[in-house]
Amino acid sequence: DAGITQSPRYKITETGRQVTLMCHQTWSHSYMFWYRQDLGHGLRLIYYSAAADITDKGEVSDGYVVSRSKTENFPLTLESATRSQTSVYFCASSDWVDEQFFGPGTRLTVL
Amino acid sequence: AQRVTQPEKLLSVFKGAPVELKCNYSYSGSPELFWYVQYSRQRLQLLLRHISRESIKGFTADLNKGETSFHLKKPFAQEEDSAMYYCALLETSGSRLTFGEGTQLTVNP
């Protein structure tokens, strides 16, 4: 499972600050995804990418920005962090959308 | 709109008892459904998919189109089955999964 990594694993920041969460995969998977995990809401898709330079919004994309200039990297940026963005963030990658391989997660706290 | 519902947020059973984790979906086409699992201190991973009709770790799941359900079942629960379970539906576009809210299963000794 070392094929997909996330950094940092834990992050505390303040309201209004910009934060970037990194995701890197070594499998050359075409698809990459960002989810947030919250109690009562399960996993919700933030953004996804079908290939380098192709990204699309998920159901909770407001306040987030992504880029994918290289196949292996898919950073997620919170432009101006809010307390409601406190969550656990998971990155995933796959060749086929159905079997996604997940990273270890980043626990983000916005004070 | 596509939707996946897992009505039980928490489920607790004793070792050796049968367990059923419920999943209901709304979908206008021919659905493809999956169960993902996250064990403590491990990554979320695919458990099984309905099209393969296989049993993984003793778990099975049958797609019931009439009831729009895809419940996960195991006849005899084990302590190592304790985990968070997510039901997921492949969207029409084939480009992403919609996950349910998750069910935290605890198997007590």
Side-chain angles (χ1 to χ4, degrees), chain A residues 1-7 9-10 23-27 29-51 54-61 64 66 68 74 87-107, chain B residues 1-11 21-27 30-54 56 61 63 70 83-105:
Chain A
D1 284 354
I4 182 164
T5 57
Q6 293 182 234
S7 62
R9 295 291 314 280
Y10 303 90
C23 179
H24 176 78
Q25 53 107 353
T26 60
W27 295 306
H29 283 162
S30 300
Y31 287 94
M32 294 189 76
F33 307 85
W34 273 108
Y35 296 91
R36 57 179 291 174
Q37 183 185 47
D38 304 287
L39 282 175
H41 293 281
L43 279 172
R44 292 181 292 175
L45 183 66
I46 305 171
Y47 267 97
Y48 65 104
S49 169
I54 300 174
T55 61
D56 210 344
K57 294 180 178 180
E59 61 180 302
V60 290
S61 60
Y64 301 94
V66 294
R68 195 163 176 211
F74 192 40
S87 186
V88 180
Y89 290 84
F90 288 98
C91 179
S93 72
S94 64
D95 265 337
W96 305 101
V97 175
D98 56 352
E99 183 168 10
Q100 297 180 17
F101 296 88
F102 283 79
T106 294
R107 185 174 295 274
Chain B
Q2 297 166 172
R3 184 175 174 83
V4 177
T5 304
Q6 294 179 247
E8 302 144 328
K9 301 296 181 286
L10 302 171
L11 184 61
L21 292 87
K22 292 183 168 52
C23 172
N24 292 92
Y25 66 91
S26 60
Y27 187 76
S30 182
E32 288 189 49
L33 287 140
F34 311 86
W35 278 97
Y36 275 75
V37 62
Q38 186 176 23
Y39 301 103
S40 179
R41 288 183 288 278
Q42 292 188 31
R43 301 184 186 200
L44 192 65
Q45 59 188 289
L46 178 65
L47 179 63
L48 56 79
R49 61 189 85 193
H50 91 269
I51 59 173
S52 60
R53 295 181 176 274
E54 56 191 345
I56 303 293
L63 178 61
F70 186 57
M84 175 69 84
Y85 291 81
Y86 288 99
C87 183
L89 170 68
L90 184 64
E91 296 199 355
T92 314
S93 63
S95 61
R96 58 196 221 185
L97 291 173
T98 297
F99 285 86
E101 305 93 336
T103 298
Q104 179 67 51
L105 173 66

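The chains referred to below are lettered A, B, ... by the order of the sequence lines, with proteins before strands, and numbering in each begins at 1.
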Report the distance from atom CD of Glu59(A) to atom OG1 of Thr98(B), rounding to the nearest 0.5 Å.
6.5 Å
When the 4.5 angstrom heavy-atom criterion is applied to Gln37(A) and chain B, the contacting part is side chain
Residue Lys57(A) excluded, over 12 heavy atoms near NZ under 6.0 Å
no
Does atom CG (Leu39(A)) have a neighbourhood of more than 12 heavy atoms from anything else shown, all under 6.0 Å?
no
Interface moiety of Leu97(B) toward chain A, non-hydrogen atoms closer than 4.5 Å
both
Taking all atoms of both residues into account, what is the closest heavy-atom pair of [X] and [Y], and its distance?
| X | Y | answer |
| --- | --- | --- |
| Phe99(B) | Leu43(A) | CB-O, 3.7 Å |
| Tyr48(A) | Arg96(B) | CE2-NH1, 3.4 Å |
| Ile4(A) | Arg43(B) | O-NH1, 2.7 Å |

Options Arg41(B), Gln38(B), Gln104(B), Glu91(B), ranked by heavy-atom pairs under 4.5 Å with chain A, top entry
Gln38(B)
